[in-house]
Amino acid sequence: MSAIGIDVGSTNVKAARVDDDGVLEASSERPLHTRRDGEVAEQDAEDLWAAVLETVGEVADPAVRHLGVCSQYSSIVPVDQALVPAAPMLMYWDQRGTDHSWAVMGDHPDAFERFVEVHGIPPVGSGLSLGHLLHVQLDRPEVHAATRWYLEPMDFVVARFTGEVTATQNTMFTAQVVDNRTLGATTYDEELLAFAGIDADRLPPLVAVDALAGRLRPELAAELGLGASVEVRVGINDSAAGALAAGAFAPGRGGLALGTTAVFLDAVADKRADLDAELVSMPSSVPGRYLAWAENGISGKSVEHGMALLDGSFAQLEAALAASPAGADGVVFLPWLAGSLAPQADRNARGGFLNVSLQTRREDLVRAMVEGTAHNLAWLLPAVEAFTGETMDELVFFGGAARSPGWAQTVADVLDRPVSTLAHPEVAVAVAAARHAQGADPEAVPEIAAVHEPRSATRSTYAAKQEQFQAAFEALQPLHAALNA
């Protein structure tokens with residue numbers, strides 16, 4: 001039976017309708033606006049909901065029987081009993097609450113060890129939902145008093161669709177108060193709650209990761225042009241949806257999502273963490289399966305920003321890649337416009353061009369930007385494979401950047417791995433949310449549009465450039481610390 005999947009990203013909302021076999025039939029998109037001011041990063045949750053209704057309305061069909069929702073995460077919407085936002089949504093960029101998170105470790109000497117052992121991530125704030133919860137509870141008591149539930153965006157949308165408040169071990173991962181040593185948890189951990197001092201009564205009830213949240217409210221079904229018996233699956237985070245989009249639960253296959261940020265996705269056997277490399281496993285949306293969480297930081301957004309500064313457009317990207325040789329005539333682009341994440345986190349790191357000469361052309365700068373995102377991934381790849389204990393023999397590439405054959409080929413060349421691009425890569429995560437709602441096989445081979453094999457002719461060029469890319473990070477750390485601390 002056909003389904004609609006919704007992908008609530010950080011910059012837009014996408015909806016996709018798929019047929020009984022999970023093949024895309026229609027899609028729609030609406031932009032989202034983030035207000036940023038220093039440590040603050042917020043979105044209007046009602047604007048988000050309006051964008052969801054508009055996109056779903058454009059792809060609606062009476063034959064639809066399933067609805068699935070995924071979203072970016074580590075973002076908190078405080079809502080009242082009627083599911084009306086009590087304040088704007090705190091985005092994952094929002095750094096407020098970091099001081100309270102660190103205070104947890106100051107007040108409880110064994111908190112660091114216990115959080116790592118039980119959950120996987122210590123309470124360090126830095127945009128994680130635990131910090132957001134502490135910020136609202138401690139710094140904005142009037143908002144906390146008006147709040148009935150603190151919801152991640154996918155759980156907010158599901159609750160608005162059904163009237164039922166649900167969350168899962170996957171959607172509440174960055175709240176950091178669930179015991180992830182075993183999968184299938186439907187309660188919060190009392191010890192972690194006590195350490196953090198979180199008001200547990202305002203946390204949404206946990207259900208199984210594949211549970212049915214409820215049915216679409218009849219008035220919404222009528223408004224959207226859907227049938228009266230649409231089932232709404234519980235939400236999933238977009239990393240879990242990306243793993244489904246790439247079929248990353250199949251042996252030897254990994255996912256590579258490259259949009260605003262870049263993420264490697266692969267299954268892992270159990271709960272584990274490598275804090276030095278900023279790698280951790282999270283409960284996935286598949287019962288009994290963990291997912292390696294390997295967030296590489298700002299990626300496609302850095303290229304988009306660079307293109308705007310160069311007065312170029314994404315449409316010109318392909319021509320620029322074709323006009324500049326592999327290696328960008330020696331120009332190196334550093335993509336850390338918002339700090340670096342895995343495999344080495346440094347919030348002070350910043351981007352830039354190195355080795356620009358009088359011979360450097362605009363096309364070389366564009367190619368260098370694309371290569372910079374690929375070199376950052378190549379820096380992370382060995383750490384991910386060491387973490388999972390598995391080699392990703394094939395990478396399935398999706399997200400906005402996967403629309404560019406030149407970008408996909410560059411990633412294949414720099415990583416020295418075959419890279420397969422999905423059909424309709426820009427809506428792959430929304431399609432995955434729809435397939436999840438249908439109960440599709442998580443190891444199913446996705447719909448591949450093209451396969452890009454690494455070219456031996458570029459291997460030595462990119463191997464040498466990779467070494468200098470990583471050396472540049474180390475060499476510039478003191479400078480970035482002095483400029484940005």
Side-chain angles (χ1 to χ4, degrees), residues 254-258 261-264 266 277 294 296-300 302-303 306-307 317-337 340-344 349 351-357 359-386 391-399 401-421 450-476:
L256 172 55
L258 211 165
T261 60
V263 182
F264 276 123
D266 199 7
N296 202 213
I298 294 293
S299 187
S302 67
V303 176
M307 292 288 287
L317 178 66
E318 217 63 35
L321 290 173
S324 179
D329 200 25
V331 179
V332 178
F333 175 68
L334 311 178
W336 309 297
L337 302 191
S340 67
L341 292 178
Q344 189 169 340
F353 291 98
L354 299 177
N355 211 36
V356 176
S357 72
Q359 285 72 48
T360 298
R361 302 166 300 150
R362 179 190 299 266
E363 291 83 0
D364 300 323
L365 297 175
V366 172
R367 172 168 277 283
M369 287 190 293
V370 170
E371 290 179 353
T373 65
H375 283 296
N376 209 29
L377 289 165
W379 187 19
L380 176 58
L381 180 59
V384 174
E385 292 184 331
T391 300
M392 290 187 278
D393 299 313
E394 175 195 9
L395 289 168
V396 177
F397 186 29
F398 61 96
R403 294 172 295 174
S404 164
W407 203 328
Q409 185 61 56
T410 300
V411 171
D413 291 341
V414 173
L415 272 61
D416 196 24
R417 298 290 169 87
V419 171
S420 301
T421 53
V451 179
H452 300 268
E453 296 288 344
R455 297 174 296 186
S456 59
T458 66
R459 196 160 298 152
S460 60
T461 297
Y462 285 134
K465 198 171 182 182
Q466 183 68 38
E467 184 177 348
Q468 299 312 314
F469 176 87
Q470 293 174 214
F473 179 88
E474 300 291 343
L476 292 172

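One is the number of the first residue; the rest follow in order along the sequence. Remember, it's a predicted structure, so these values are computed and weren't measured experimentally. No hydrogens, no waters, no symmetry mates; every other heavy atom, side chains included, goes into these values.
- In terms of heavy atoms, R367 sits closest to Y462 at NH1-OH, 3.3 Å.
- With sequence neighbours excluded, the residues satisfying ring pair (Phe, Tyr, Trp, His ring centres under 6.0 Å) with W336 are F469, F473.
- Listed here is the closest heavy atom pair of H452 and P405: CE1-O, 3.7 Å.
- Under the rule for a side-chain hydrogen bond (donor to acceptor under 3.5 Å, both in side chains), R403 has no partner lying at least two apart in sequence or in another chain.
- Using a 4.0 Å cut-off between charged side-chain N and carboxylate O, R417 and D393 make no salt bridge.
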Indicate every side-chain donor-acceptor pair of residues 317-335 with a distance under 3.5 Å to a residue at least two apart or in another chain.
{"unit_1": "E318", "atom_1": "OE1", "unit_2": "S404", "atom_2": "OG", "d": "2.7"}
{"unit_1": "E318", "atom_1": "OE2", "unit_2": "G406", "atom_2": "N", "d": "2.4"}
{"unit_1": "S324", "atom_1": "OG", "unit_2": "D364", "atom_2": "OD1", "d": "2.6"}

(Q) Determine whether V451 and S420 satisfy the following criterion, side-chain contact (heavy atoms from CB on, under 4.5 Å), listing intermediate values before the conclusion. (A) CA-CA 4 Å; V451 179; S420 301; 3.6 Å; yes

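- How far CD of Q359 is from CZ of R361: 11.0 Å, rounded to the nearest 0.5 Å.
- Here the OG atom belonging to S340 is positioned 11.0 Å from the CG atom belonging to L380, to the nearest 0.5 angstrom.
- The two atoms that bring L354 and A472 nearest to each other are CD1-CB, 3.7 Å, heavy atoms only.
- Of the charged side-chain nitrogens involved, at least one lies within less than 4.0 Å of a carboxylate oxygen, so that K465 and E371 count as a salt-bridged pair.
- Nearest heavy-atom pair across V384 and A294 is CG2-CB, 3.6 Å.
- Residues satisfying the side chain to side chain contact (heavy atoms under 4.5 Å, CB included) criterion with Q468, sequence neighbours excluded, are A471.
- Across all their heavy atoms, P343 and A383 have their closest contact at CB-CB, 4.4 Å.
- Residues that satisfy the side chain to side chain contact (heavy atoms under 4.5 Å, CB included) test with L377, not counting sequence neighbours, are L256, L258, A262, F264, N296, L415.
- Using a 4.5 Å heavy-atom cutoff, the side chains of L395 and P418 are not in contact.
- Under the side-chain hydrogen bond (donor to acceptor under 3.5 Å, both in side chains) criterion, E467 pairs with no residue, sequence neighbours left out.
- Between T391 atom OG1 and L381 atom CG the span is 9.0 Å, to the nearest 0.5 Å.
- Annotation: the span from L365 atom CG to M369 atom CE amounts to 7.0 Å, rounded to 0.5 Å.
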Q: Begin with the C-alpha distance, continue with both residues' side-chain angles, and end with the deciding distance and a verdict on side-chain contact (heavy atoms from CB on, under 4.5 Å) for T461 and R459.
A: CA-CA 6 Å; T461 297; R459 196 160 298 152; over 6 Å; no

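- Nearest heavy-atom pair, V414 versus A378, reported as atom, atom and distance to 0.1 Å: CG1-CB, 4.0 Å.
- Inspection of the E474 and Q470 side chains reveals no N or O donor paired with an N or O acceptor under 3.5 Å.
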